[in-house]
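Here the structure is a predicted model, which is why all the values come from computation and not from measurement.
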Amino acid sequence: MPHIEVGNDAPGIIGLMRFRPETAGPLNDLADALLRAPGPLSRGERELIASYVSHGNGCAFCTGGHSEVAARELAGGMPAVRRVLDDHDFSGFPEKIGALLTIAGLVREGGKEVTEESVAAARKAGATDVEIHDTVLIAAAFCMYNRYVDGLGASSPTDPSSFAQMADRVVAHGYANGPGARRA
């Protein structure tokens, strides 16, 4: 049960965005820029970072949605995503992705938890400064998104097919035109 009356039955951030469409636009644009726009990390890798941070934060809605999108975008599908989330097993991914996920986990704990050693390990694994930057920004943004959803007690679907339907829409249309995209 949400902590506030949002005037709709949409789950998670979707319901919150419908409640405040003037903030939905910028939040969806940010998600598109971070996760969907061209960049050195694949869409699947960026979605995996978002899912990993969301899972670590205990945000069921964001974990469910971004895991589904990551699974569609990554060759290993949902089994690979689940290994990362449930077991912190980065095998099956390039060493660089494991190092970037480690940095994302540190950002989730607190920005100052990222150390020169963790950045050096990512560089040694082949990460560029842009990839390190993007990882930190995705992780920081998803801490905000997670706290937005959970801080207002937004509901999360219990039927996994709901996340599959949301992911289908995101893959086809992005976030700015996806499930929560109702502009003011």
Query raised in the report: Residues in ring-ring contact (aromatic ring centres under 6.0 Å, His included) with Tyr145, at least two apart?
Result: Phe142
**Report entry** Side chains of Val170 and Arg72 in contact at under 4.5 Å (non-hydrogen atoms)
**Finding:** no
Query raised in the report: Sub-3.5 Å donor-acceptor pair from the side chain of Arg20 to the main-chain atoms of Leu16, do we have one?
Result: no
Query - Within-4.5 Å side-chain heavy-atom neighbours: Leu30 and Met144 - result: yes
Query - Stepwise side chain to side chain contact (heavy atoms under 4.5 Å, CB included) check, Leu27 with Tyr175 - result: CA-CA 9 Å; Leu27 289 172; Tyr175 292 96; over 6 Å; no
Query raised in the report: Of the non-hydrogen atoms in Ser54 and Thr63, which two are nearest, and what is the gap between them?
Result: C-OG1, 3.1 Å
Query raised in the report: Under the 3.5 angstrom rule, does the side chain of Glu73 hit a backbone N or O of Ala70 as a donor-acceptor pair?
Result: no
For a quick test of your reading: what N or O donor-acceptor pairs under 3.5 Å do the side chains of residues 74-83 make, sequence neighbours left out?
from  : atom 1 : to    : atom 2 : distance (Å)
Arg82 : NE     : Asp86 : OD2    : 3.1
Arg82 : NH2    : Asp86 : OD1    : 2.7

Query raised in the report: Within the distance-only criterion (no hydrogens, no angle test), does the side chain of Arg108 pair as donor or acceptor with the backbone N or O of Gly56 below 3.5 angstrom?
Result: yes
Query raised in the report: Do the ring centers of His55 and Phe61 come within less than 6.0 Å of each other?
Result: no
Report summary line: Taken to the nearest 0.5 Å, the spacing of Asn28 CG from Asn177 CG works out to 8.5 Å
Query raised in the report: When you measure from the side chain of Ser118 to the backbone N and O of Thr115, does any donor-acceptor pair fall under 3.5 Å?
Result: yes
Query raised in the report: Is the backbone N or O of Val6 less than 3.5 Å from a side-chain atom of Asn8, with the two atoms forming a donor-acceptor pair by type?
Result: yes
**Report entry** Distance, nearest 0.5 Å, that separates NZ of Lys96 from OG1 of Thr128
**Finding:** 6.5 Å
Report summary line: Separation between CZ (Arg46) and CG (Asp134), nearest 0.5 Å, reads 7.5 Å
Report task. Could you tell me the separation between the CG atom of Asp32 and the CZ atom of Arg36, rounded to the nearest 0.5 Å? Result -> 7.5 Å
Query raised in the report: With sequence neighbours left out, what residues match Arg43 under salt bridge (Lys or Arg N to Asp or Glu O under 4.0 Å)?
Result: none
Query raised in the report: Side chain of Ser161, backbone of Ala164: donor and acceptor closer than 3.5 Å?
Result: no
Query raised in the report: Counting distance only, does the side-chain N/O of Asp87 pair as donor-acceptor with the main-chain N or O of Asp89 below 3.5 Å?
Result: no
Query raised in the report: Just by modelled atom types, is the Asn57 backbone N or O under 3.5 Å from a matching donor or acceptor in the Asn146 side chain?
Result: no
Query raised in the report: Does His88 have any ring-ring contact (aromatic ring centres under 6.0 Å, His included) partners at least two apart in sequence or in another chain, and if so, which?
Result: Tyr52
Query raised in the report: Any idea which heavy atoms bring Ala99 and Ala125 closest together, and the distance?
Result: CB-CB, 4.3 Å
**Report entry** Close side-chain approach of Glu131 to Leu100, heavy-atom, < 4.5 Å
**Finding:** yes
Query - Euclidean distance, Asp150 CG relative to His3 NE2, rounded to 0.5 Å - result: 8.5 Å
**Report entry** Student check: side-chain heavy atoms of Leu48 and Phe93 closer than 4.5 Å
**Finding:** yes
Query raised in the report: Would a 4.5 Å heavy-atom cut-off, applied to side chains only, mark Ser156 and Phe163 as touching?
Result: yes
Query raised in the report: Is the backbone N or O of Glu47 less than 3.5 Å from a side-chain atom of Ser51, with the two atoms forming a donor-acceptor pair by type?
Result: no
Report task. Quick one: list whatever passes side chain to side chain contact (heavy atoms under 4.5 Å, CB included) with Glu113, sequence neighbours left out. Result -> Leu106, Glu109
Query raised in the report: Is it true that a side-chain atom of Glu68 and a backbone atom of Gly65 form a donor plus acceptor pair closer than 3.5 Å?
Result: no
Query raised in the report: Do Cys59 and Val149 come within less than 4.5 Å of each other through their side chains, counting heavy atoms only?
Result: yes
Query - Residue pair Ile4, Phe19: steps toward the side chain to side chain contact (heavy atoms under 4.5 Å, CB included) verdict - result: CA-CA 10 Å; Ile4 62 172; Phe19 176 66; 3.8 Å; yes
Query raised in the report: Does any non-hydrogen side-chain atom of Ile49 lie less than 4.5 Å from one of Ile97?
Result: no
Report summary line: Those residues at least two apart in sequence (or on a different chain) that pass salt bridge (Lys or Arg N to Asp or Glu O under 4.0 Å) with Arg123 are Asp129
Query raised in the report: Do you know the tightest heavy-atom contact between Ala50 and Leu35?
Result: CB-CD2, 4.3 Å
Query raised in the report: With side chains defined as the heavy atoms from C-beta onward, is the minimum distance between Cys143 and Val53 less than 4.5 Å?
Result: yes
Query raised in the report: So how far is it from Met17 CE to Thr23 OG1, rounded to the nearest 0.5 Å?
Result: 7.0 Å
